[in-house]
Amino acid sequence: MANPTNPFNSDLPFSQDIDILKQPLQIGEKTIPNRLVCQPMEGCDGTLEGRPGSLTQRRYGRFAAGGSGLIWVEATAVTPEARANPRQLWLNPTNVDSFKKLVEMVHETAYKAGQAQPLLILQATHSGRYSKPYGFPKPIIAYNNPLFEKQPLPSSCIITDDELDRLPEKMAATAKLAQQCGFDGVDIKSCHRYLFSELLSAFNRSGRYGGSFDNRTRLLTESITAAIQGCPSSFIVTSRLNVYDGFPFPYGFGVREGGDTEVDLSEPIRLIEKLQSLGVGLLNITMGNPYVNPHVNRPYKSGGYTPDENPIDGVKRILDNTAILQRRFPTLPLIASGLSLLAEQAPPVAAGLIAGGGAAMAGFGRMSFAYPDFAKQILANPSKPLDASKCCIACSKCSQLMRAGGMAGCVIKDSEVYLPIFKQYVLKGK
Ligand SMILES: Cc1cc2nc3c(=O)[nH]c(=O)nc-3n(C[C@H](O)[C@H](O)[C@H](O)COP(=O)(O)O)c2cc1C
């Protein structure tokens with residue numbers, strides 16, 4: 001029956017009792033103090049050596065004081081050629097000290113702010129076709145995709161099986177470094193059509209990493225296995241996983257064969273079964289591609305194009321499919337994405353989703369940029385709504401900044417820092 005207070009009618013879950021968001025969650029040997037997550041949000045503000053820069057420190061300090069139970073630290077490259085921009089974080093043996101300091105700073109800041117200690121998961125990435133280590137494209141692709149390439153890229157851009165064979169070891173090495181720095185876990189990133197995610201749809205690739213389901217998922221499963229084997233059992237090995245790309249077969253994962261862009265979760269379900277059997281105890285669920293179909297990835301009010309769907313339907317696609325998976329895997333906690341568009345209505349939707357068994361945690365990306373203490377506000381006073389004037393307005397300016405090569409943050413709600421950067425990179429002094 002429709003909840004009369006639900007402004008979305010019954011389109012989205014809704015509960016005004018948001019105490020559920022305060023409940024801790026056990027992941028193996030670790031306890032997450034509440035159900036709110038700062039999603040990975042790349043600021044493109046590291047140093048050229050891959051260390052966190054001053055704006056990186058500032059961002060994680062704000063997240064730490066903000067009260068979220070879990071901070072999923074942004075895309076961090078595992079090799080220099082895999083960086084999406086020259087300022088992307090890159091964890092390697094020469095800069096472990098600065099990542100360790102970042103972790104210590106987060107712990108100290110949360111403590112001083114009177115917040116529970118958040119868990120920290122580092123997202124380890126290979127940027128694949130979006131690699132730009134020197135500021136211009138140096139794509140490393142799983143296969144040529146006519147939906148993306150007007151002209152096929154030269155075969156030198158296609159990563160070889162031998163190169164892929166070496167990546168699980170690199171992921172495991174990054175996991176080990178992350179554990180030494182004090183992170184609570186590592187994410188073997190497999191989303192948004194970066195390399196690991198692109199391989200999931202490599203139906204037409206030949207060799208050990210293409211064609212069959214086992215081949216397409218090989219890199220992810222072998223990397224997860226290598227990371228688990230190389231780290232102590234208390235360390236969380238997880239993945240941020242695209243369960244739907246939004247591109248037609250044979251160019252998309254989680255789509256129905258012959259069904260245009262219709263969702264089909266049968267392969268994602270097989271993959272999650274496999275990951276769970278390997279020992280994965282937490283997954284972060286996401287969709288789409290931020291470059292080609294960003295409305296699937298981060299439903300927005302204004303952006304590069306006007307999609308032919310209501311953005312609320314985009315949020316519903318993410319939440320409904322996360323819920324199908326959560327109900328299918330009730331013992332595997334899943335994190336839902338894409339809630340920032342809902343602004344001050346996000347907490348009751350998150351609470352309704354979790355109370356109904358549709359996810360274990362609610363993740364906030366753009367909201368974390370705009371309103372880094374959203375969690376503190378929700379948890380301190382569950383009966384008081386979020387301050388609408390501080391919420392993300394889903395204007396896509398943070399993405400514009402990133403695409404223009406600037407440092408990313410909220411141009412509207414953190415304008416002192418990011419408006420000048422927006423003027424410099426996007427408006428180019430206009
Ligand atoms: C500027 C920007 C940077 C992002 N960086 C990352 C990242 O490093 N890793 C990742 O998995 N997703 C990244 N995302 C995607 C977000 O984590 C999130 O999935 C998306 O914004 C939708 O969630 P939201 O509605 O809460 O913002 C980024 C998004 C934006 C706009």
Side-chain angles (χ1 to χ4, degrees), residues 36-46 55-56 59-60 63 68 70-77 83-85 87-90 121-127 130 187-194 196-197 238-243 283-291 293-301 303-304 311-312 314-319 322 335-343 345-347 349-350 361-372 374-375 391-411 414 418 421-422 425-426:
L36 297 166
V37 182
C38 284
Q39 288 284 27
M41 291 296 286
E42 210 181 330
C44 312
D45 47 21
L55 283 177
T56 328
R59 178 167 53 266
Y60 289 99
F63 290 177
S68 293
L70 177 56
I71 299 175
W72 202 286
V73 173
E74 70 202 67
T76 302
R83 290 168 95 181
N85 65 74
R87 290 190 306 268
Q88 183 169 53
L89 300 183
W90 162 38
I121 288 180
L122 181 84
Q123 182 173 71
T125 191
H126 188 303
S127 304
Y130 301 109
D187 157 19
I188 310 295
K189 181 177 188 175
S190 190
C191 62
H192 306 162
R193 300 290 297 216
Y194 295 97
F196 281 56
S197 161
T238 175
S239 185
R240 191 159 201 226
L241 185 65
N242 249 39
V243 295
L283 283 175
N284 192 338
I285 303 298
T286 180
M287 292 184 170
N289 171 295
Y291 305 87
N293 58 11
H295 72 286
V296 176
N297 175 251
R298 50 175 159 82
Y300 52 76
K301 287 188 183 147
I312 296 286
V315 178
K316 186 170 157 54
R317 184 192 294 113
I318 302 175
L319 300 189
T322 305
I335 300 171
S337 300
L339 289 147
S340 295
L341 176 90
L342 306 177
Q345 297 295 351
V349 171
M361 301 190 77
F364 291 84
R366 291 163 294 174
M367 184 76 96
S368 302
F369 268 1
Y371 193 168
F374 70 96
C391 288
C392 167
I393 59 166
C395 67
S396 299
K397 286 193 169 52
C398 52
S399 304
Q400 266 182 288
L401 264 178
M402 205 171 165
R403 298 291 165 264
M407 282 78 88
C410 184
V411 177
D414 197 7
Y418 290 100
I421 303 176
F422 189 77
Y425 282 88
V426 181

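For ligands, and for the atoms within them, numbers begin at 1 and follow the listed sequence. Quick note: residue numbers are just sequence positions, from 1. For the numbers below, each heavy atom of this structure counts, side chains included, while hydrogens, waters and symmetry mates do not.
For atom 20 (C) of ligand 1, the closest non-hydrogen atom on the protein side is R298 CB, 3.9 Å. Shortest contact from atom 4 (C) of ligand 1 to any protein heavy atom: E42 N, 3.5 Å. With respect to atom 31 (C) of ligand 1, the closest heavy atom belonging to the protein is S399 OG, 3.4 Å. Of all protein heavy atoms, the one lying nearest to atom 24 (P) of ligand 1 is S340 OG, 3.2 Å. Ranking protein heavy atoms by distance to atom 2 (C) of ligand 1, first place goes to M41 CE, 3.6 Å. Remark: minimum distance from atom 17 (O) of ligand 1 to any protein heavy atom is reached at P40 O, 2.8 Å. Among all protein heavy atoms, the one lying closest to atom 8 (O) of ligand 1 is A75 N, 3.1 Å.
Close approach to G365 involves these atoms of ligand 1, each under 4.0 Å from a residue heavy atom: 24 (P), 26 (O), 27 (O). The Q123 neighbourhood of ligand 1 comprises atoms 7 (C), 8 (O), 9 (N), 10 (C), 11 (O), with distances under 4.0 Å to a heavy atom of that residue.
Two residues are said to be in side-chain contact when any heavy atoms from C-beta on lie closer than 4.5 Å; M287 and N297 fail this criterion.
Nearest to atom 12 (N) of ligand 1 by heavy-atom distance, out of Q39, R366, M287, R240, is R240.
Judged by the 6.0 Å and 45° rule, K189 forms a cation-pi pair with Y194.
In this structure, M367 falls outside the shell of residues with a heavy atom less than 4.0 angstrom from ligand 1.
Here the straight-line distance linking atom OG1 of T322 with atom CE of M361 works out to 14.0 Å at 0.5 Å rounding.
Shown here are the side chain to side chain donor-acceptor pair (under 3.5 Å) partners of W72, two or more places apart in sequence or in another chain: D187.
Residue pairs satisfying the side chain to side chain donor-acceptor pair (under 3.5 Å) criterion with at least one member in residues 363-372, sequence neighbours excluded, are absent.
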